[in-house]
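I have placed the structure first, in the form of structure tokens, so that the comments after it can refer back to it.
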Amino acid sequence: MIRFDTVFRALAVVAALTGVARAEGGALKIVALGDSLTAGYQLPPEAAFPVQLEAALRARGHAVEVVNAGVSGDTTSGGLARLDWSVGEDADAVIVELGANDALRGVPVASVRDNIDAIVARLDERGLPVLVAGMRAPRNMGEDYAAAFDAVFPEVAAKYDALLYPYFLEGIPLSRETVLPDGMHPTQKGVALIVEGILPKVEALIERARTNNS
């Protein structure tokens, strides 16, 4: 019979050695703070956005670790509430991808703005470069709501001189290959398209992080 305490000790050793290897390699740590779009809803772990993004960045020669801090169903208020423990002291940069669930629930735009503003402000105070990944409200929420909601992300990014990727789901066609049957979440191929689109902005984020660390 396998002893669980033996397994846990072995896993701890592996985790420690992995952390040492990353530290010695000088890898930048980018935290992807988000909801199910970041977490990889109904996808195998290797298909999630942070994993695919890290692979794409490493293929381009960047020594990075992209941490999956996505929580399915999370709102901007939830992201704010867990910010400090989701983005540890060892983080070098942060991608903020939140807001989709707020829009689906019709959360007042003022609350969404306050939450996104507070998240970026606190990260800015910590000296962490931020990439704000924008979101768009469903058009059936009404033109006024949609226009006000969509404007939150560029306005907050501009206020704190953060990087902006205007729309996280940009360029994903509504097809069975790229979107799950729920019509909202990307498939593995859909995530690959997100990574392809956002990659230049993440490379700019890396440049800012390296400048901070130099």
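All residue numbers refer to positions in the sequence shown, counting from 1.
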Looking at [Y], is its backbone amide N or carbonyl O close enough to the side chain of [X] to form a donor-acceptor pair, meaning the two atoms are under 3.5 Å apart?
X: Gln52; Y: Ala47; value: yes
X: Arg58; Y: Ala63; value: no
X: Thr211; Y: Glu207; value: yes
X: Tyr145; Y: Asn140; value: no
X: Arg139; Y: Ala137; value: yes
X: Thr187; Y: Glu177; value: yes
X: Asn212; Y: Gly127; value: yes
X: Glu97; Y: Asp35; value: yes
X: Asp102; Y: Thr76; value: yes
X: Arg82; Y: Ala69; value: yes

Is it the case that atom [atom1] in [X] sees more than 12 heavy atoms from other parts of the structure closer than 6.0 Å?
X: Arg60; atom1: CZ; answer: no
X: Glu196; atom1: CD; answer: no
X: Glu143; atom1: CD; answer: no

- Query: Would Lys29 and Asp90 pass as an ion pair if we require N to O under 4.0 Å?
  - Reply: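 Salt bridge: yes.
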Pair [X], [Y]: side-chain N/O donor-acceptor within cut-off below 3.5 Å:
X: Asn213; Y: Asp92; value: yes
X: Glu203; Y: His62; value: yes
X: Asp182; Y: Tyr41; value: no
X: Ser77; Y: Asn115; value: no

- Item | CG-CD distance between Asp150 and Glu155, expressed to the nearest 0.5 angstrom |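 These two atoms lie 10.5 Å from each other.
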- Test of ring centre spacing under 6.0 Å for Phe168 and Phe49: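 Yes, they do, as the ring centres are separated by less than 6.0 Å.
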- Query: Are Leu199 and Leu28 connected in a single hydrophobic cluster, I mean Ile/Leu/Val/Met/Phe/Trp/Tyr linked by side-chain heavy atoms less than 4.5 Å apart?
  - Reply: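 Per the 4.5 Å side-chain linkage, Leu28 and Leu199 are co-clustered.
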Closest non-hydrogen atom pair between [X] and [Y], with its separation:
X: Leu80; Y: Arg122; answer: CD1-NH1, 3.4 Å
X: Val31; Y: Ser86; answer: CG1-O, 3.7 Å
X: Ser36; Y: His185; answer: OG-NE2, 2.7 Å
X: Ala48; Y: Thr38; answer: CB-O, 4.1 Å
X: Ala39; Y: Gly70; answer: CB-O, 3.5 Å
X: Gly79; Y: Leu33; answer: O-CD2, 4.4 Å

- Message: Would you call the rings of Phe149 and Phe153 parallel, tilted or perpendicular, taking 30° and 60° as the class edges?
- Response: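 Rings of Phe149 and Phe153: perpendicular, over 60°.
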